[in-house]
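Notes to accompany the following structure.
To find a chain, count down the sequence lines: A is the first, B the second, and so on, and within it residues start at 1. Remember, it's a predicted structure, so these values are computed and weren't measured experimentally.
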2 protein chains.
Amino acid sequence: MTQKIEKLLKDQGVRPTAMRILIYKYLLEKNVAVALTDIENAFAKSDRTTLYRSVKTFEEKGIVHQIEDGTGIKKYALCEDGCNCEIDTDLHLHFHCSTCNETVCLTEHKIPHINLPTGYTAENVNLVVKGICDKCSSQQKTIR
Amino acid sequence: MTQKIEKLLKDQGVRPTAMRILIYKYLLEKNVAVALTDIENAFAKSDRTTLYRSVKTFEEKGIVHQIEDGTGIKKYALCEDGCNCEIDTDLHLHFHCSTCNETVCLTEHKIPHINLPTGYTAENVNLVVKGICDKCSSQQKTIR
DNA sequence: TGTTCTATGCAATGGAAGTGCATTTTGGAA
DNA sequence: TTCCAAAATGCACTTCCATTGCATAGAACA
């Protein structure tokens, strides 16, 4: 496992330090997009700056992508296999649950093509749906 | 003009103070979504808190809507006539220009219906396209 | 006119992102 | 193996924006 991650990081041109491997593992086991603060809380021993810069590096090397989920807090999630973060092919929508406050990547849901007025050029599309996620809505049912 | 705004505010249950009328006028003449800082710069005389709370009140009363354009800075724009900020009817997309840094509401462009996985309920949809706006792209042409 | 509710202004707080610099660690060359 | 240079880490700050508490000014209404 660790070796796989190590190889993966190396392949992307990122030195597989102990901390980075841990961060990668953390992102892997969380299936939601996480904020820097989340990572910080998970690794109280490490400094925020290290985490910040590690994630930044991951982002530059195409290992994670940043998500703006409308909360104003930047979230990060691992890219899918073969993701180039390219417009019209890789862009999926994100769902932000207003109950549990988690943001998930709905990678199978591609963003439909958007027609813009003349003169406008799109470089990036960000689609966030806010509502209640499946976990929260099923919990609600159970309680009642 | 001022009287129209005054009536409009009253109708929405907002006391039409001098400051609020000015803010409303400002939002009206800007056809882009503005940040609190923008309003602050436009009215250096007034306190940031006043502006903050005025806009907040506007938002609560359905006079403006808040926009998350992916910059992490909250933007505000006047609601269209008859806008209820309702899903599937009023939701339009926003365009953020990475050159001039302005965010416009493309109100005529409604967001296509999104199919979510089972268990997910949508309350709100936010679609932001980032790229170059018409003004900036035509300027570029002119320069070259 | 007086009372009460609302709006305003000032000061301060808090959260998150980002930077500069010193120190440690790591990988590779000698 | 040892040493050097580059990269990573940790600490201390800074900045920017959002938000709140409290005291004061102002408006509406009895």
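At whole-Å resolution of the value, CD1 in Ile73(A) and P in dA18(D) are 13 Å apart. As a whole-Å value, the separation of Met19(B) CE from dG9(C) C1' is 12 Å. Glu60(A) has its CD atom 14 Å from the C1' atom of dA8(D), to the nearest Å. In this structure, Glu68(B) places its CD atom 12 Å from C1' of dA18(D), rounding to the nearest Å. Residue Lys10(A) contributes atom NZ, which lies 14 Å from atom P of dA8(D) at whole-angstrom precision. In this entry the distance linking CD1 of Ile39(A) with P of dA17(C) reads 10 Å, nearest Å. Per the geometry, NZ belonging to Lys45(B) stands 16 Å off C1' belonging to dT8(C), to the nearest Å. At whole-Å resolution of the value, CG in Leu9(B) and P in dT6(C) are 17 Å apart.
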Indicate for each nucleotide in nucleotides 19-30 of chain D, in 5' to 3' sequence, whether protein heavy atoms under 4.0 Å reach the base (B), only the sugar-phosphate (S), or nothing (-). BBBB--------

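Put simply, Thr17(A) has no side-chain N or O that comes within less than 4.0 Å of OP1 or OP2 on dA7(D). Taking 4.0 angstrom as the limit, Ser54(B) places a side-chain polar atom (N or O) nearer than this to OP1 or OP2 of dT8(C).
Identified under the salt bridge (Lys or Arg N to Asp or Glu O under 4.0 Å) test for residues 6-20 of chain B, with sequence neighbours left out: Lys7(B)-Asp11(B). Within the structure, no pair that satisfies the salt bridge (Lys or Arg N to Asp or Glu O under 4.0 Å) test touches residues 46-66 of chain A, not counting sequence neighbours.
In terms of modelled atom types and a separation under 3.5 Å, the side chain of His109(A) and the main chain of Asn115(B) share a donor-acceptor contact. Remark: side-chain polar atoms of Asn126(A) are paired, donor with acceptor, to backbone N or O of Glu68(A) under 3.5 angstrom.
Each of dT8(C), dT9(D), dC10(C) was ranked by its minimum atom distance to the side chain of Asp47(B); first place goes to dC10(C).
Within the 4.5 Å cutoff, the side chain of Asn31(B) has no heavy atoms near those of the Val104(B) side chain. You'll find the side chain of Asp134(A) stays beyond 4.5 Å of the side chain of Thr118(B), heavy atoms only.
Looking at heavy-atom distances under 4.0 Å, Thr57(B) makes no contact with the nucleic acid at all.
Taking the six-membered ring where the residue is Trp, the centroids of Tyr76(B) and Phe58(B) are separated by 6.0 Å or more.
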